[in-house]
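Taking it in order: structure first as structure tokens, then the write-up.
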2 protein chains.
Amino acid sequence: MMLVNGENYRTVWMQDTSVFMIEQNLLPFRFEIVECKDYEQTCVAIKTMVVRGAGALGAAAGFAMAQAFLQNKPSEFVDAARRTIEATRPTARNLFYAVERVYRAGLTSPQAAADEAQAVADNDAADSQAIGRYGNELIKNGFRILTHCNAGWLAFVDYGTALSPIYQAHEQGKNVFVWVDETRPRSQGARLTAWELNNAKIPHRIIADNAAAWLMAQGKVDMVITGADRIAANGDTANKIGTLGKALAAHTFGIPFYIAAPLSTFDRNCKTGIEITIENRNQDEVLFQEGPDAQGVVHRICVASPGSGALNPAFDITPARFITGIITEKGIIKPDAAAIAELLL
Amino acid sequence: MMLVNGENYRTVWMQDTSVFMIEQNLLPFRFEIVECKDYEQTCVAIKTMVVRGAGALGAAAGFAMAQAFLQNKPSEFVDAARRTIEATRPTARNLFYAVERVYRAGLTSPQAAADEAQAVADNDAADSQAIGRYGNELIKNGFRILTHCNAGWLAFVDYGTALSPIYQAHEQGKNVFVWVDETRPRSQGARLTAWELNNAKIPHRIIADNAAAWLMAQGKVDMVITGADRIAANGDTANKIGTLGKALAAHTFGIPFYIAAPLSTFDRNCKTGIEITIENRNQDEVLFQEGPDAQGVVHRICVASPGSGALNPAFDITPARFITGIITEKGIIKPDAAAIAELLL
């Protein structure tokens, strides 16, 4: 379990009939736990992004489904709850998978639903841990690892994906150092990954995204690990905008570039990256920034010329040929169609 | 001359015995002209970065030297003034060159100093215009050009370098569109380049630096043009951090990548890029951002996890093999030792 101010936490957990979550909207400036006393409150928390990231969303949705069963109401109530939970965040595949599992178990008894929701969360944590175990084998003592965005434990239930190998290497006493891409425009690297590493006491430095290629050119990066949002059947990988640029730089300078992701991230219906649709998000994410001043008062400031607009693609696609390997809970594979087909058998 | 709210301006100019400058510290949120009534005031303006950029600094320093002569004081006064001017910004080569030229002319008469200072500024503008003329020949109608940082007229006296070809193409009625890299950490792209293009009514969009490679991969960039801080004798080019990453992406996707710079940017004493020292600037540039809120009140906010430090290299070096050509006031050359030696003859 991951450390915050020296205490162990998961991103989301259930105790009796309440679901607890780390309020991720307040990170990295404030650390608070939110208690959701019924499934409705858990749905609001999911919708307002108190919790985010595929694995953590799946666990939260599973717990919400269990909460609905535990209220011991007629089956119409449970079915309506299921629809409400599924409507919170329509794109996260883990969410639907978790709700389905818990719903089926709950037809036996409310306790079975609660047990199944716990199993969903535990499975996610176990998968992350397995990814960490395999990834750790790639990390030599003294490695300087560059990562992009946040694929740490905050996006899952525990351990995370890209950061999980780093946590395990650190726990085993290896010296590891992490270059943290700021990851504009939403700065998940500077805000969340740096916060995680700071709590785990793993040495790291934040860099402007612009600095990554230059550090690689100077031989100051031994390895790159990032997460993934979706992996096509041929290994092309959609991930946070900027991943592609880092992969190209790593390729140029002969630095291993790994993707870390659970099997649930692979989409066998997607033959190549071309088929993946990339969302353009609101331009204000580029033009404005939010954060606290020296007194802790949060302001939203303009960081661009007021007359100009922005284009804000949220993800990019890294062709498989620029990826050294994909670290999964079943082992490390080459990013090609044959290896992926075998993995998903 | 460049447009601001429909009126023509240079970044710095002299009228009678006063030097006028656009107060660049206030851009893009406020447009103000600063009047410096004597060389001391001009020195303060240079030091406090009211004016910045190699060409504009040279012109400002030349004007300051002329102001000292125009005060008709003994030669000790003029010599002391020269030392003060040279101490304002110790790294800009153009500054020393301009001071030397104006000082020599001033030994004849104060008016000769004023004329020479005007000639320095006019030369800079003419060089920028010539760069624009050559660069414009590369731009086809409908081109979408990506640029990094600000190498526009604000960094010179007029026209600029990387933006000069774009201004000329636009003036000739070509349809041009510009992708403006935000250019973290100091965001000169989002703040200054976007401001310039907005005033010139040239269509453009700001992008997070992370988005550049993805736009190139999709075929949405026809050409890249950036400025340069120093060019080695073999063509290796130091420029704002992030230039290297854009060059690597352009190379991967077969997109022409040009550097635009005057001859004064070439350093024949520097054989290759390895000899160029890269400055690491204060980490606070990465960790904090400054800008106005909706009411126009400027705040400095924290944009990273408070417990973490940052590394902030200000420039990077793009190896010559990733550069398609260098646009100078004498024409466009290949980035190799023979072509550069011939150019500098």
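In what follows, chains carry the letters A, B, and so on, assigned in the order in which the sequence lines appear, proteins first and then strands, with residues in each chain numbered from 1.
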- Query: Are any of the side-chain heavy atoms of B:Ser187 and A:Val303 separated by less than 4.5 Å?
  - Reply: no
- Item | B:Glu279 CD: over 12 foreign heavy atoms closer than 6.0 Å | yes
- Contact class of B:Leu215 relative to chain A, heavy atoms under 4.5 angstrom: side chain
- Query: Out of A:Thr237, A:Ile274, A:Ile278, A:Leu244, which one pairs with A:Ile317 under the side-chain contact (heavy atoms from CB on, under 4.5 Å) rule?
  - Reply: A:Ile278
- Would B:Asn150 and B:Thr193 count as having a side-chain donor-acceptor pair, cut-off 3.5 Å? yes
- Note on the structure: If one checks every heavy atom of A:Glu290 against chain B at 4.5 Å, the contacting part turns out to be backbone
- Using a cut-off of under 4.5 Å on heavy-atom pairs, state which of B:Pro306, B:Gly189, B:Ala249 scores highest against chain A. B:Pro306
- Task: Tabulate, in ascending numerical order, the residues of residues 219-230 of chain A having at least one heavy atom closer than 4.5 Å to a heavy atom of chain B, or enter 'none'.
- Result: none
- Item | Interface moiety of B:Phe322 toward chain A, non-hydrogen atoms closer than 4.5 Å | side chain
- Query: Under a 4.5 Å heavy-atom cutoff, which of A:Ile241, A:Asp209, A:Leu287 has the most pairs with chain B?
  - Reply: A:Ile241
- Just give me the residue among B:Pro292, B:Ala194, B:Ala217 that pairs up with chain A most often, heavy atom to heavy atom, under 4.5 Å. B:Pro292
- Message: Quick one: does any side-chain atom of A:Thr11 pair with a main-chain N or O of A:Ala56 as donor and acceptor, under 3.5 Å?
- Response: no
- Between chain A and each of B:Ala208, B:Ser308, B:Ala213, count heavy-atom pairs under 4.5 Å; write down the option with the most. B:Ser308
- Is the Lys NZ or Arg CZ of A:Arg144 less than 6.0 Å from the centre of A:Phe177's six-membered ring, within 45° of the axis? no
- Query: Relative to the ring of B:His299, is the ring of A:His299 parallel (under 30°), tilted (30 to 60°) or perpendicular (over 60°)?
  - Reply: parallel
- Message: If we define contacts as heavy-atom pairs under 4.5 Å, which of B:Gly245, B:Ala212, B:Ala211 has the most with chain A?
- Response: B:Ala211
- Task: With the side chain counted from C-beta on, respond yes when B:Phe143 and B:Ile166 share a heavy-atom pair under 4.5 Å apart, and no when they do not.
- Result: no
- Full working for side-chain contact (heavy atoms from CB on, under 4.5 Å) between B:Asn199 and B:Asn5: CA-CA 6 Å; B:Asn199 274 294; B:Asn5 305 322; 3.8 Å; yes
- Out of A:Gln283, A:His148, A:Met216, which one racks up the most heavy-atom pairs below 4.5 Å with chain B? A:His148
- Under 4.5 Å from any heavy atom of chain B - which part of A:Arg300: backbone
- Side chain, backbone, both or neither: which part of A:Gln289 has an atom under 4.5 Å from a heavy atom of chain B? both
- Task: Heavy atoms only, distances under 4.5 angstrom: which of A:Asn312, A:Leu248, A:Val298 has the most pairs with chain B? Name it, please.
- Result: A:Leu248
- Taking atom types as modelled, is there a side-chain donor on A:Asn198 or B:Ser305 under 3.5 Å from an acceptor on the other? no
- Query: For chain B, which of A:Pro185, A:Pro313, A:Gly242 has the most heavy-atom pairs under 4.5 Å?
  - Reply: A:Gly242
- Task: Check B:Thr183 against B:Cys149 and note the closest heavy-atom contact, atom names and distance.
- Result: OG1-N, 2.8 Å
- Message: With chain A as the partner, which of B:Thr252, B:Asp181, B:Ile207 has the greatest number of non-hydrogen pairs under 4.5 Å?
- Response: B:Thr252
- Check step by step if side chain to side chain donor-acceptor pair (under 3.5 Å) holds for A:Lys246 and B:Asn210. CA-CA 9 Å; A:Lys246 314 315 169 208; B:Asn210 279 325; 3.1 Å; yes
- Using salt bridge (charged side-chain N to carboxylate O under 4.0 Å, His left out) as the criterion, list what pairs up with A:Asp293, not counting sequence neighbours. none
